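Inspection log for the structure reproduced underneath, given as structure tokens.
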Number of protein chains: 2
Amino acid sequence: MHNSQRRDGSPSIVEVARAAGVSTATAGRVLGGYGQTSPASRTKVEEAAQRLGYRPNGLARSLIHGSTETVGVIVTDIGNSFFASAVRAVTDAVRAAGYEILLANTDSDPAAEQRALKVMWEKRVDGLVIAPQGPGSAERLRAMAEAGLPIVLLDRPLAALPQADQVTINNTACARSAVGHLTRLGHRRIAVVSEAAQELERLLDAPAGEGGDEPPSAARLVGYLAALRRAGLDPDPALVVHSPYDRHAAERTVRRLLRRNPDVTAVFCTDNVLSSGAVAALQDSGKSCPEEISLVGFDDQDWTTLVRPRLTVVRQPRRELGTAAGRQLIARLTDRGQARAGADAAELPGPGAEGTGAPEGGRPEPETATGERIVLKGRLVTRDSTGPAPGPRPASG
Amino acid sequence: MHNSQRRDGSPSIVEVARAAGVSTATAGRVLGGYGQTSPASRTKVEEAAQRLGYRPNGLARSLIHGSTETVGVIVTDIGNSFFASAVRAVTDAVRAAGYEILLANTDSDPAAEQRALKVMWEKRVDGLVIAPQGPGSAERLRAMAEAGLPIVLLDRPLAALPQADQVTINNTACARSAVGHLTRLGHRRIAVVSEAAQELERLLDAPAGEGGDEPPSAARLVGYLAALRRAGLDPDPALVVHSPYDRHAAERTVRRLLRRNPDVTAVFCTDNVLSSGAVAALQDSGKSCPEEISLVGFDDQDWTTLVRPRLTVVRQPRRELGTAAGRQLIARLTDRGQARAGADAAELPGPGAEGTGAPEGGRPEPETATGERIVLKGRLVTRDSTGPAPGPRPASG
DNA sequence: CTGAAAGCGCTTACAG
DNA sequence: CTGAAAGCGCTTACAG
């Protein structure tokens, strides 16, 4: 009456074995569905298990197998609609292969990231999908990567961690396309709202049109600069404004921008929360859109077709990003180091995928090989918030 | 060279013990931070652990302790902004107490829910926060509840599972307030878009003004009916329209509604995705809002102040809901069955909390006791999408 | 097909 | 303070 039930009320395999009159090995084989068992012991064990309310203990199983069928997913904020969509897709992709996810948010706090990594590692996740914070993340991830834990970087690359796979979108090209749209409409005073504005100096020196190793915000700023350059325009630091990652902060920032630079005729926002702040600021500014001022947002959220004018945006394939990341991780977990999720990603509806740097087999240690680079394509969706530049100046090619 | 490193490359406590020249018990005490250890062995063991790259195995620890410091969180869709916010808050609440979360989506599919529950149970989560599907969920959860697993129901009650705690909002009162606002503005032909429209018959017979045990959609419909009744209006089944949980479906539904019932002067939407569909439909209808038609949405999302007219909505405390659910679960996990998160919830900024049915201590078996009922308050936020009913009829009431 | 035994990596009484 | 031993719940060779 005291030792036949464990503390959590669930009997172990030895109780079931005893009740069924077989050894624990046989009970284990029946209940775990491995090895050989006779129909006779099968019925005895199953009946006993049923009667006692047996429930397998995944911890013991994982301890032996060395795998938990669980992957860690670390993002900055699951409350952000971008990550909500992406994580949903990651979940679906890995769950289809029988994996659960352990979720953590970092709010871009290195300490929180560190803590999440430590806990997940101790809980023995089989792999990791992570939207890293920045260069520091590479240091935090290195030991895990070197120990052979499959890691897929989501949305943000990490040049210092080449062995990890990464799934990103072509941010620079997207931004170039958005701003190119504006220059073709004749705009010459084009502002950009960016989280990476402080890095303008550095990015001005970046090789023309590249930004593959930059985080999204910086890569988009590179695209902005490239588009200006192509149109023969000089970047004006006063029009490259920084905003914290918060809608109301972005609203204040844009309001101030427009007040101080009345000649601005177009604004490009480099992500979803900055976009909503900019819409609010514009509505408040008294300027008509797109007649007096044009606006391009980032990330095609539902509300962008509900506001008036409908917002021209860069659409990024959020779900596909998550799907590709999840599939890539699964490929690593099953193919054991010879993964090529590039092929899988190419099956995705919208975006194409470009895998590069695939390790050609034969290397004994995949740890020293370089990970997949999967780049999904976003695209400009032109709607009503962008129009010809106002004033006498004619549109130029 | 072969047996000093495990398959995952991480040495176990016995390797560390050997390297440090102590017993595994002593090594365990140092590395696990329990028991008594001398400074001498502490340094020896720590040095060895450092050198070998020791990393504790949480599975073994959990197997012994009988707890995993992990809670399951099951929602219909983390991609939905409501759950994205709520889950974020749950995560923060439980993480503050040292717990991780295992996340699953069900898409309201009973089979998916069943599978998630099974896996989480086998992985030995210490507790569960779940937005259940409906009555079937009670059956699926019963065994776990009876085995003593703490369960907190998020957003949706489950009358058939009284032992679980539940955290909901006062949906009926919110809806009554929203529709009351419309009747006071003189509207008499008020439509409602609801996922629970098919249940109208049954709900018409519900005790006046109650809806505490109904899922949100039904509870809101009850509130709608109560508000009509109070205004002396008879509900018209033609104005209670069902829509699947999808923005575009909702848009079509509302368009059809308005076409067939040109005398409708107000529409109440009972959740966030239905609201965005309705806004789209209204914009498309050619009717001006609020002059010809008023609209009340549900769930105060960012975009509701970005559209014109700004949307009048019922604001629900999404984050607080998640926080209260997380705290309640933690209370159960630490207080061992004597939890009272009602007090905690009352500390939350906005909403008040009403705990009822708290079990008064002394009962030997908490399993037979009834769980907490925490009800958070939503409220109507009046903006520009609601105005006086058009036509000759004066406002009454 | 079946069972006794060893083991996954750690923790916990129990002696000393 | 320390170590030998047993044990958490399961799986895996190894004999039979």
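Values below: all heavy atoms of this structure, side chains included; hydrogens, waters and symmetry mates excluded. Keep in mind it's a predicted model, so treat the numbers as computed, not measured.
- The phosphate of D:dC1 (OP1 or OP2) has no side-chain N or O of B:Thr26 nearer than 4.0 angstrom.
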Let me check I have this right: for DNA chain C, each base becomes ., (, ), [, ] or |, based on Watson-Crick or G-U pairs with both distances under 3.5 Å. What is the full string? |||.||||||||.|||
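- B:Arg29 and B:Thr37 form no side-chain donor-acceptor contact under 3.5 Å, judged by distance and modelled atom types alone.
- In this structure a side-chain-to-backbone donor-acceptor pair under 3.5 Å is present from B:Asp126 to B:Thr68.
- B:Glu122 has its CD atom 13 Å from the C1' atom of D:dG9, to the nearest Å.
- A:Thr43 and A:Glu46 share no donor-acceptor pair across their side chains, judged by distance under 3.5 Å alone.
- The side chain of A:Asn57 has D:dG9 as its nearest neighbour among C:dT2, D:dG9, D:dC1.
- The separation between A:Lys123 atom NZ and C:dC10 atom C1' is 15 Å, rounded to whole Å.
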Protein heavy-atom contacts under 4.0 Å, written 5' to 3' over nucleotides 11-16 of chain C as B (base), S (sugar-phosphate only) or - (none), form the string BBB---
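- Going from atom CZ of B:Arg42 over to atom P of D:dC1 covers 8 Å, rounded to whole Å.
- Side-chain N or O atoms of A:Lys123 include none that pairs as donor or acceptor with a backbone N or O of A:Leu102 at under 3.5 Å.
- Listed by chain and number, the residues in a salt bridge (charged side-chain N to carboxylate O under 4.0 Å, His left out) with A:Arg95 are A:Glu100 (sequence neighbours excluded).
- The backbone N or O of B:Glu69 sits nowhere less than 3.5 Å from a side-chain atom of B:Ser67 that would complete a donor-acceptor pair.
- Within the 4.0 angstrom heavy-atom criterion, only backbone atoms of the sugar-phosphate kind lie near A:Ser41; the bases stay farther away.
- In this structure a side-chain-to-backbone donor-acceptor pair under 3.5 Å is missing from A:Asp107 to A:Asp109.
- Of the inter-residue distances, the one linking B:Arg124 atom CZ with B:Glu122 atom CD reads 8.0 Å to the nearest 0.5 angstrom.
- Between A:Ser23 and C:dG3 there is a side-chain N or O to OP1 or OP2 distance below 4.0 Å.
- Rounded to an integer number of Å, the gap from CG of A:Leu63 to P of C:dC8 is 9 Å.
- For the pair A:Arg124 CZ and C:dG9 C1', the interatomic distance rounds to 9 Å; values are reported in whole Å.
- B:Leu158 places a side-chain heavy atom less than 4.5 Å from the side chain of B:Ser137.
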